[in-house]
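A short worksheet on the structure shown next.
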Amino acid sequence: MTQSVVVQVGQCGNQVGCRFWDLALREHAAVNKKGIYDEALSSFFRNVDTRSGNNGPDIYKGKICSLKARALLIDMEEGVVNEILQGPLKDVFDSKQLITDVSGSGNNWAVGHKIYGCQYRENIVEKLRKTAEHCDCLQCFFIIHSMGGGTGSGLGTFVLNLLEEEFPEVYRFVTSVYPSGEDDVITSPYNSVLAMKELNEHADCVLPIENESLLEIVNKIHQMINSGKLGSTVKQNSLVTSSAGSAKTLQEKPFDAMNNIVANLLLNLTSSARFEGSLNMDLNEISMNLVPFPRLHYLVSSLTPLYTLADVNVPSRRLDQMFSDAFSRDHQLIQADPKHSLYLACALLVRGNVQVSDLRRNIERLKPSLHFVSWNQEGWKTGLCSVPPVGHSHSLLALANNTCVKPTFIELKDRFMKLYKKKAHLHHYLQIDGMEQSCFSEAVSSLSDLIEEYNELDATKCGPRIDPSRLKIAI
Amino acid sequence: MSIVTVQLGQCGNQIGQEVFSALCSDIRGTHGLCSKKENGSYQDCCKERFFCEEESAVPVARAVLVDMEPKVISQTLSMAARSGHWKYSSQSHFCQKQGSGNNWANGYSVHGPRHKEAIMNLVQKEAEKCDRLGGFFTIMSMAGGTGSGLGAFVTQCLRDAFPTSFILNHVVWPYGTGEVIVQNYNSVLTLSHLYHSSDALLVHENDVIHKICAQLMNIKQISFRDVNQVIAHQLGSVFQPTHTAGGGSGYSRNPLGELMESLVPHPEFRMLGLRNIPQMPESSLPYSTFSWPGLIKHLRQMLIANAQMEEGIDWQVRPPSSIPSTNKPLHFNTSIANLVILRGKDVHGVDLGSFQDPSLYTSWLNPQDAFNAWKTPRAFNKYEKSAALVSNSQFLLKPLDSIVGKAWNMFASKAYLHQYAKFGIQEEDFLDCFTTLEQVISSYTNL
């Protein structure tokens, strides 16, 4: 069994991360009734003997003593991390896993990346080493951050670089929250494009998230519940947005519902690595199957169902609905419509009481309405995990390597160019040691190249399909 | 003579457990329909072949379990133990933590060499437990990373360490519509490598077994467990003891050797397909009656028309009328060699002449040599009469061609190649493998 470490950077990263740990505990508590520290738990948690204080040794088997998250919490302001440490999750984190400062990054990528990066480099490396040492077999780093700010974006991508240098064999999965058009941070396009270059070059897989999509999902659920159509028959703890049943009992903050969705995404992504199933899908398999060319590693994700009704008898029609929903526009976590773009590859991770025949039936049913690139007509990667998420009997996570990410990147580039042409706010960046005009031009060039790669693939969509001729053998 | 089974990867271990389970439940069953003496020898022979009687009362499977991550092996071990009727030795498994990530190159070039010693030690220990070693039976899928890549490497090691032993690779072909996106690459790499070190490849295709589950076994929500149990039944129908033709009295002492001798006369032709009839849900068995002529007729037509199961057979397909034939009719499945295995009541009087028809076979073998039959009056797994066909013919030509075609298509666009290059498999290596398989396809096409 392998372990993964979560590195949460910046305000957004830490808020999402916090929801992740909360829901992870809830998920394991639902499955692990006997309180034994098992392999599934060890993938994200250490079991520490705290009887002699927080520096106790790790316990590898037997009863759970004190669970500590395999995490690194980094923020250049103290507010968010302090709140976590005072909240119900305070015992899950170790003071040795925190790196904070007081003044923040001023929404400036350069401050996060160059100044704080330099300043905290050794500290970060040391703490990463420590967390890695506690792992028997470290497989993956999960970075959670936002792109539009200063810390998550700048320092977050600095850490990404660091991870590649110090732990080249360990996979780097990045969950990035992209800014929306109406983002109140004026310089978010600069921050995002500068960060994109780093993601292009150093991440194994990126899961882009857009707040607008999360908000739409939250609103949709509100509507469904309040319209009275479902009302009390919805199982509260099944809502993909809810914290019900978790440690958080205080009033939910506005972003909590949205952050829970992202937390659920990560839980579902790692479920097959943690729990058993008839067709396992480990994290290294996700990278292997979904990344046909090194730079095209942006995966559009969708989660279904968004909630379960308390009605236990789920006819298979509803099961099929779950598959259909995974491909619909309103379940995607970014503003994109994969159905009308080109698929390079698609992964379906199913949890719960679903068998291979259900999977096959739905793939057969949905295939005709999807466009796959000519050299990967049957580009499906599937996984079956027996353990469903809390409150559900089954669930589906779809990950698509699809050209529908292109509009998001094009828009980002456009917003960037609008500011850059007028050199607006540029001096805030250029005055930082290590920043030059070339950083900007290289970053936008990297983004343009990426967009061009997607364009080339899209161009093949409409053309006639000519299969290359096979090798001829002399008889 | 004993056979050592090597279970590789998730598929190999899941199927292996079902196979031993089926063998065990068959010998414990009371539906043998034969004399007590016959039943007694059957049980003894099966036990010697597949199980080791240690001090514990429960027979221990002669198996080595290998996987690069621990979840499946631990499940496999516990499921076996839970049955109460057999188990795996607690010392016979090897696992790591990270898995192979569906990457053949990772399984072959990294895990293989790294863990060769440990794995071969386990194999050596099992081999030494056998009074007489009859050969190795490996179970793997070719779509993933461990079964396929590490499996290919281990097969090579077996060949090097046991140059005179028989090696039969059971290979599971994935569903045509993706289980794994790079499955065609992994398949091409696996098949070409196995061709160089294995004696024969016995193939099961998931699509075919799935159809059997849906249409013959009437299973509504088919799980991998169902698929694996059908595969286990089919394998059991080949490997349970039988009397071979010239073997005198008593059960065959060298099943793998005899299989190879009957079916693999030429090293270029190693792909074996398997058919088994009848197949039906257990609940239907008491209401069905079978006749040998009927079963033989169906099995023969399944061979000629390349039918995957006993429903939907194309009866229009006929063997060509003149010998030697220059124009083989379309859809006709030409054979190199066939082996029919009959189990159950009144088996000795069965007429198998129709299988010796020279028009079924390619011209370069004597029809008498091209066909063999194994029989036993002892019924298998509650089927009063059952017949299995192991065929070295054009059965697998189309699926093989399809896999190579898709892999080539992907290769031409260079997709995913960087993932293999990371672990040392370069474009030239791929080209070699494609060449090997195009050669195999060409050979089978020109039968």
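In what follows, chains are A, B, ... by sequence order, proteins preceding strands, each numbered from 1.
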Highest number of heavy-atom pairs under 4.5 Å with chain A: which of B/Thr177, B/Asn106, B/Val182? B/Thr177
OG of B/Ser74 to CD of A/Glu39: how many Å apart, nearest 0.5 Å? 7.5 Å
Non-hydrogen atoms of B/Phe434 and A/Leu471 that approach each other most closely: CB-CD1, 3.7 Å
Proximal component of A/Ile363, with respect to chain B [non-hydrogen, under 4.5 Å]: side chain
Do B/Tyr175 and A/Thr382 have side-chain heavy atoms sitting under 4.5 Å apart? no
Which portion of B/Glu438 sits near chain A, non-hydrogen atoms under 4.5 angstrom: both
How far does NE2 of B/His210 sit from CZ of A/Arg360, to the nearest 0.5 angstrom? 6.5 Å
Does any backbone or side-chain atom of B/Ile219 lie under 4.5 Å from a heavy atom of chain A? Answer side chain, backbone, both or neither. neither
Salt bridge or not between A/Asp282 and B/Lys97? Use side-chain N to carboxylate O under 4.0 Å. no
Please classify the contact of B/Thr435 with chain A as side chain, backbone, both or neither, using a heavy-atom distance under 4.5 Å. both
Under 4.5 Å from any heavy atom of chain B, what part of A/Ala40 do you find: side chain, backbone, both or neither? neither
Before giving the answer on side-chain hydrogen bond (donor to acceptor under 3.5 Å, both in side chains), spell out for A/Lys381 and B/Asn102 the whole-Å C-alpha distance, their side-chain angles and the decisive distance to 0.1 Å. CA-CA 10 Å; A/Lys381 164 68 180 160; B/Asn102 285 167; 2.7 Å; yes
How long is the gap from OH on B/Tyr185 to CE on A/Met288, to the nearest 0.5 Å? 9.5 Å
Under 4.5 Å from any heavy atom of chain B, what part of A/Asn280 do you find: side chain, backbone, both or neither? both
Most heavy-atom pairs under 4.5 angstrom with chain A, which of B/Gln183, B/Glu179, B/Lys422? B/Glu179
Measure distances from A/Leu344 to the heavy atoms of chain B and classify the residue's part below 4.5 Å as side chain, backbone, both or neither. backbone
Option in A/Ser287, A/Gly379, A/Pro294 with maximal non-hydrogen atom pairs under 4.5 Å from chain B: A/Pro294
Cut-off 4.5 Å, heavy atoms of chain A, and the answer for B/Gln98 is both
Please check if the side chain of B/Gln419 supplies one atom and the backbone of A/Phe293 the other of a donor-acceptor pair under 3.5 Å. no
Distance check, rounded to the nearest 0.5 Å: A/Asn284 atom CG versus B/Glu69 atom CD? 9.0 Å
Is A/Glu364 atom CD crowded by more than 12 heavy atoms from other residues, nucleotides or ligands, each under 6.0 Å away? yes
Exercise: identify the closest heavy-atom pair between A/Ser469 and B/Trp408: O-NE1, 2.8 Å
Could you walk me through whether A/Asp358 and B/Lys220 pass salt bridge (Lys or Arg N to Asp or Glu O under 4.0 Å), step by step? CA-CA 10 Å; A/Asp358 300 310; B/Lys220 293 279 175 273; over 6 Å; no
Examine whether an atom of A/Lys367 lies under 4.5 Å from a heavy atom of chain B, and if so say whether it belongs to the side chain, the backbone or both; otherwise answer neither. side chain
Measuring from atom OG of B/Ser223 to atom CG of A/Asn353, what distance do you get when rounded to the nearest 0.5 angstrom? 10.0 Å
Please report the C-alpha distance between B/Tyr416 and A/Asn376 in whole Å, then the side-chain angles of each, then the deciding distance to 0.1 Å, and finally whether the side-chain contact (heavy atoms from CB on, under 4.5 Å) criterion is met. CA-CA 11 Å; B/Tyr416 299 101; A/Asn376 205 0; 3.4 Å; yes
Under the 3.5 angstrom rule, does the side chain of A/Glu378 hit a backbone N or O of B/Ile181 as a donor-acceptor pair? no
Selection from A/Lys472, A/Arg470, A/Gln139 maximising heavy-atom pairs under 4.5 Å formed with chain B: A/Arg470
Quick one: pull up CH2 in A/Trp375 and CZ in B/Phe411 and give me the separation to the nearest 0.5 Å. 14.0 Å
A/Ser374 and B/Asn409 have their tightest heavy-atom pair at O-ND2, 3.7 Å
Donor-acceptor check, side chain of B/Lys71 to backbone of A/Arg274, threshold 3.5 angstrom: yes or no? no
Name the member of B/Val227, B/Val404, B/Leu417, B/Val72 that forms the most heavy-atom pairs with chain A at distances under 4.5 Å. B/Val404
Taking every non-hydrogen pair under 4.5 Å, which of B/Gln221, B/Met410, B/Lys406 racks up the most with chain A? B/Gln221
What part of B/Asp401 lies closer than 4.5 angstrom to a heavy atom of chain A: side chain, backbone, both or neither? both
